[in-house]
K.L.:
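Shown below is the structure under consideration.
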Amino acid sequence: MTIFSKIIAGEIPSYKVAEDGSNYAFLDINPIAKGHVLAVPKMETDYLFALDDERLSDLILFSKRVAVAIEKAVPCKRIGVAVVGLEVPHAHIHLIPVHDIYDIDFNRPKLKLTSDEMKEIAGKIADFFV
Ligand code: AMP
């Protein structure tokens, strides 16, 4: 079971922002921007592009709904998208509020946010998710 499956099952806590029947979204624990979210299919699949067409489309459409909610909750120019997947072997899409291209830099020092700040951001995004 991957760490993301444990999060989805509620065995490990997360700052959840959205969920539907097939997908789950939560704040990245080491955010590179305020409102950095991971959108994850519930089905455990290592590689994003190993998902079948239906599940991949479903995850992308879910990510779009989450991105719209992030945009409303966090001041930014738009939501950047990144797929890496080298650390956690469970497909996921990074949704990152950006002002310019340099905001998508996984080498930059991670933000240090308190648990209360993470809860507040997650709550705001969740409120805008439809
Ligand atoms: P990558 O697999 O390279 O796309 O990176 C995995 C991402 O998952 C990293 O940005 C981590 O900070 C994030 N991550 C790992 N464990 C957790 C967790 N328990 N809760 C939230 N995010 C996590």
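Counting convention: from 1, in listed order, for ligands and their atoms alike.
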K.L.:
Following the transitive rule for hydrophobic clusters with a side-chain heavy-atom cut-off under 4.5 Å over Ile, Leu, Val, Met, Phe, Trp and Tyr, establish whether V98 and I121 coincide in one cluster.
P.N.:
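Different clusters: V98 never reaches I121 through Ile, Leu, Val, Met, Phe, Trp or Tyr contacts under 4.5 Å.
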
K.L.:
Hydrophobic side-chain clustering at under 4.5 Å (ILVMFWY, transitive links): who's grouped with V40? Put none if nobody.
P.N.:
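Under the 4.5 Å side-chain rule, V40 groups with I3, F4, I7, I8, I12, Y24, F26, L38, V88.
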
K.L.:
Please name all residues satisfying side chain to side chain contact (heavy atoms under 4.5 Å, CB included) with D52, sequence neighbours left out, ordered by chain then number.
P.N.:
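So D52 forms a side chain to side chain contact (heavy atoms under 4.5 Å, CB included) with E54, R55.
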
K.L.:
Do the two ring centres, one from H92 and one from H94, sit under 6.0 Å apart?
P.N.:
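That pair passes the under 6.0 Å test.
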
K.L.:
Any pair with a residue in residues 58-74 that passes salt bridge (charged side-chain N to carboxylate O under 4.0 Å, His left out), sequence neighbours left out, goes on the list, sorted by first then second residue, please.
P.N.:
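Output for this query lists D20-R65.
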
K.L.:
Do V81 and I96 make a side-chain contact, defined as non-hydrogen atoms from C-beta onward lying under 4.5 Å apart?
P.N.:
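Result no, sub-4.5 Å side-chain heavy-atom pair not found.
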
K.L.:
Taking only heavy atoms of the protein into account, state which residues are under 4.0 angstrom from an atom of ligand 1, in chain and number order.
P.N.:
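Residue list for ligand 1: I3, F4, I7, F26, L27, D28, I29, N30, L38, V84, G85, L86, E87, V88, H92, H94.
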
